[in-house]
Colleague: 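If you scroll down you'll find the structure; I have some questions about it.
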Amino acid sequence: MTRTGSYSGHARIGIMEALPWIAAIAVFFLLPDYLSLGARIMIYILFTLSLDLILGYAGIITLGHSVFLGIGAYAAGILSVKLNINDPFLQLIAGSLMSAVFGLASGAVILRTKNLTLLMLTLAITAIVYEIGNKASWLTGGADGLPGVQVNPFFGRFEFDLWGRTGYIYCVIVLFVVWFVVRRLIYSPFGAMLTGIRENTPRMHALGAPVYQRLLIVYTISAGIAGIAGVLMTQVTQSVGLNVLTFEVAGDVLVMLILGGVGRIYGAFVGPVVYMIAQDLLAKQFPEYWSFGVGVLLIFVVFFARGGILGLVDKIAARGRTP
Amino acid sequence: MGHSFLRKSLAVAAAVGILTGAASAQTIKIGVVNTFSGPQASFGEMIDRAFRLYIKLNSDKLPPGVKIEIINRDDGGANPDKAKQLAQELIVRDKIDFLSGITFTPNGMAIAPIATQAKMPTVLVNAGTSVVVTRSPYYVRTSFTIFQHCVPLGTWAAKSLKKTFILVSDYAPGHDCEEAYSSSYKPAGGEIVGVIRAPVATADFAPFLQRVKDAKPDALMVFLPAGRTATAMMKSFVDLGLKSSGIKLIGTGDIAPEEELPNMGDEAIGTISMFHYSAAGDRPANKAFVAAWRKEYGEKATPNFAAASSWDGMAMMFDAIIKQNGKLNPDKSIEIMSHFKTDNSPRGTIYIDPETRDIVQNEYLRETRRVNGELQNVEIETAAVAIKDPWQAMQKAKK
């Protein structure tokens, strides 16, 4: 298992790390009725992964990460609806770039601050972008949403179908690529430096590390990844709504990350899977009271599993080793 | 995964049970994408209660052996991605025969492509933006459009109120109402002396209303999302002395929602609102509806507009089931529903315009009054009879 922030000795991909991908393939064949939930889970894993990168590894606290999801989502939507650019990969690249550029620009300002000030600024930026999305209804559709997003069939053949097969495979492949990149990044000297900044910023300054520049780079990368998640959401849903820019989404993703385990690459996998499946099952049994069940789950995690679900797994494993 | 296996085996067992038990029994499934959690959860309750009440009181009219099953799903508000996933699962996994609910416009927009692809007859019982019903040929709407309220309101206001100040929430439905009101008010000789678009989350209306007071209009036309905000606005309207200075407060039914009237108190008296439904309406069909509602859900419970349109939506699905004798064909269902007409809606006579699959209904001018100690929106005039969505007509005129 990947340990928090450890840098050396884990760079090789272990056998356990194949598990999520085996599971993803198994779901495709064994649970064909659940693929559209599956695709949404993949999107949320991507989004959580992007948050993990800045919050878990670099220690940048944010309550407004949805802004990058939203910019990616709207970029793809506007490209298709207003400019008639329907190539899925072009939308993906454009959405991700837009989001990354916004990450760079906003990060350049807010990353000069720390802690609560930083938190408030992330909130403020998201609130501003949300209001722009609401007001510029000629461009974004405002509160009515932006429907009618078209996506060309992949390689001219695979269209988004009613069963969500194409959407699911597409999301899994994109997630795989991003996972690979993020993993390389975390186990690189750059990743080690991020961990150092999180653990002891003054010391990193003393070592001569360019702290601000590193934070800005990781913030930009994280924004780009969140943008990819946004594009996928637009493409799979074929429409965009203002909900992608709300604090609720930013809060949800934070909860998922805490649930899975902050600062671990697989915490970003486990959290959304558990949270969204629990939510889905509970909401079907109790459409009116499901949030109570989710609340109980969270209280349980906070009390008994401080490091999230993966932290709990580690604890149990450690107990097994030293009787 | 083990869980799903268990569920599948249970389903098989149940299916075998049904086959051996009653061969003629048939269950028609209605999937409902509705809002049961989050700040707008009251919609979910109104819609669900209306559906269940209609089914309870009318199931004897169904063809013999036919039963209705409702499958509820919670979208938690305007969440198009989630709503689409839920609709997709209802269609693919639960094999529903009708889709309904759709509380919010963005959700309706997102579901439209799959409703078309799956040929799923879908009854929209709340979403109120004009364009949403055009997004799929399998959509039919029983609720209302913002234009349906605000155009007749402008026509009526122009008769006696020459100067209007407009205050709307700054989001798409608010902009729609502003446009609709102006489109009928200005040509009829009215003058709009000012427009304020207040942020949706506004809690304190005093600064806006002070500007209105200074402009000295005859009327203040307000559009806000239904709920608590209306009460806050009403209090400021009275406290700042706009009411006593003779400015008439007018708007859609959202400024005087039945469930908020007790919180507003006497300050709401005299408010003029244009709406397609009032629980105080004295049509026999409405009296029976309200009585049945109170018998089922308690004396204090009052159905609102979402309940009325859900009641009619279920009536429409029943109509399609009965006319096809339980053997449903999606194209035939949508055909029957697009020609739906009833004189017995709580709203009076309503029908669906076959061309647009949109609701045609009366608009009532109501005044908030105290009747037998209870605040009510009393219908004082039928301001528009059988009005089609004016937006659709405007779009046609533009082309």
Side-chain angles (χ1 to χ4, degrees), chain A residues 23 26-27 30-41 43-44 73 131 134-135 137 140-150 160-164 167 232-234 236-244 246 248-249 276-277 279-284 286-292 294, chain B residues 1 3-5 8 32 34-38 41 44-45 48 71-89 91-94 104-114 117-118 120 127 129-132 135 169-176 197 199-200 225:
Chain A
V27 164
L30 297 179
L31 298 168
D33 289 353
Y34 288 83
L35 293 183
S36 80
L37 174 64
R40 281 189 66 228
I41 292 180
I43 293 169
Y44 267 94
E131 209 45 57
N134 178 34
K135 284 219 178 192
S137 41
T140 63
D144 284 344
L146 187 67
V149 175
Q150 303 285 325
F160 283 115
D161 52 300
L162 192 56
W163 289 267
L232 293 188
M233 198 178 267
T234 299
V236 170
T237 315
Q238 288 173 283
S239 73
V240 200
L242 271 181
N243 66 313
V244 290
T246 53
E248 272 174 83
V249 170
M276 291 178 76
I277 291 179
Q279 192 200 50
D280 196 63
L281 288 177
L282 286 168
K284 269 163 201 169
F286 316 102
E288 292 170 49
Y289 307 111
W290 63 266
S291 33
F292 177 75
V294 172
Chain B
M1 275 168 240
H3 183 87
S4 129
F5 174 72
K8 270 185 189 156
V32 185
N34 200 351
T35 306
F36 291 104
S37 63
E45 194 188 67
D48 192 46
I71 307 176
N72 273 324
R73 292 289 180 264
D74 177 27
D75 58 27
N79 293 310
D81 54 310
K82 191 168 181 184
K84 184 172 181 184
Q85 177 218 324
L86 295 172
Q88 209 159 355
E89 289 175 355
I91 293 169
V92 173
R93 200 188 313 155
D94 296 306
F104 292 97
T105 295
N107 299 358
M109 303 276 211
I111 292 170
I114 51 167
Q117 212 179 340
M120 178 52 61
T129 302
S130 291
V131 70
V132 66
R135 304 295 313 183
S169 273
D170 196 357
Y171 73 137
H175 305 166
D176 277 359
R197 292 178 171 186
V200 179

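Numbered from 1 within each chain, the chains take letters A, B, ... in sequence-line order. Hydrogens, waters and symmetry mates are skipped; everything else that's a heavy atom, side chains included, is used.
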Colleague: Sub-3.5 Å donor-acceptor pair from the side chain of A:N134 to the main-chain atoms of B:D170, do we have one?
Modeller: yes
Colleague: Checking heavy atoms, do the side chain of A:V236, its backbone, both or neither come under 4.5 Å from chain B?
Modeller: backbone
Colleague: Which atoms of B:V200 are under 4.5 Å from chain A, going by heavy atoms: the side chain, the backbone, both sets, or neither?
Modeller: side chain
Colleague: Taking all non-hydrogen atoms of both residues into account, name the closest pair between A:M233 and B:D81 and its distance.
Modeller: CE-OD2, 3.6 Å
Colleague: Which atom pair, heavy atoms only, marks the closest approach of A:P287 to B:F36?
Modeller: O-CB, 3.1 Å
Colleague: Relative to chain B, which of A:L242, A:T234, A:L37 shows the most heavy atom pairs under 4.5 Å?
Modeller: A:L37
Colleague: Pick one of side chain, backbone, both or neither for A:Q150, based on which atoms fall under 4.5 Å of a heavy atom in chain B.
Modeller: neither
Colleague: Pick one of side chain, backbone, both or neither for A:S239, based on which atoms fall under 4.5 Å of a heavy atom in chain B.
Modeller: side chain
Colleague: Tell me the closest heavy-atom pair linking A:A143 and B:P173, and the distance in Å.
Modeller: CB-CD, 4.3 Å
Colleague: Would you give the length of the straight line joining atom NZ of B:K84 to atom CZ of A:R40, rounded to the nearest 0.5 angstrom?
Modeller: 12.0 Å
Colleague: If I measure from the heavy atoms of chain A, does B:P80 come under 4.5 Å with its side chain, its backbone, both, or neither?
Modeller: both
Colleague: What heavy-atom pair brings A:P147 and B:M109 nearest, and what distance separates the two atoms?
Modeller: CG-SD, 3.4 Å
Colleague: Give, as side chain, backbone, both or neither, the part of B:R135 having an atom under 4.5 angstrom from any heavy atom of chain A.
Modeller: side chain
Colleague: Quick one: CD1 on B:I111 to OG1 on A:T237, what's the gap to the nearest 0.5 Å?
Modeller: 11.0 Å
Colleague: Any sub-3.5 Å donor-acceptor pair from B:E89's side-chain atoms to A:Y34's backbone N or O?
Modeller: no
Colleague: Write down the atom of A:N243, the atom of B:A78, and the distance for their closest heavy-atom approach.
Modeller: CB-O, 3.2 Å
Colleague: When you look at B:Q85 and A:D280, which way does the side chain to side chain contact (heavy atoms under 4.5 Å, CB included) test go after all the steps?
Modeller: CA-CA 11 Å; B:Q85 177 218 324; A:D280 196 63; 3.5 Å; yes
Colleague: Can you say whether A:F160 sits under 4.5 Å from chain B via the side chain, the backbone, both, or neither, judging by heavy atoms?
Modeller: backbone
Colleague: CD1/B:I91 to OG/A:S36 distance, rounded to the nearest 0.5 angstrom?
Modeller: 10.0 Å
Colleague: At a heavy-atom distance under 4.5 Å, which candidate from B:N72, B:N34, B:N79, B:N107 has the highest pair count against chain A?
Modeller: B:N79
Colleague: Compare every heavy atom of A:G164 with every heavy atom of B:Q88, then report the nearest pair and how far apart it is.
Modeller: NE2-N, 3.8 Å
Colleague: Start with the C-alpha distance between A:D144 and B:V132, add both sets of side-chain angles, then the distance that settles side chain to side chain contact (heavy atoms under 4.5 Å, CB included), and finish with yes or no.
Modeller: CA-CA 9 Å; A:D144 284 344; B:V132 66; over 6 Å; no
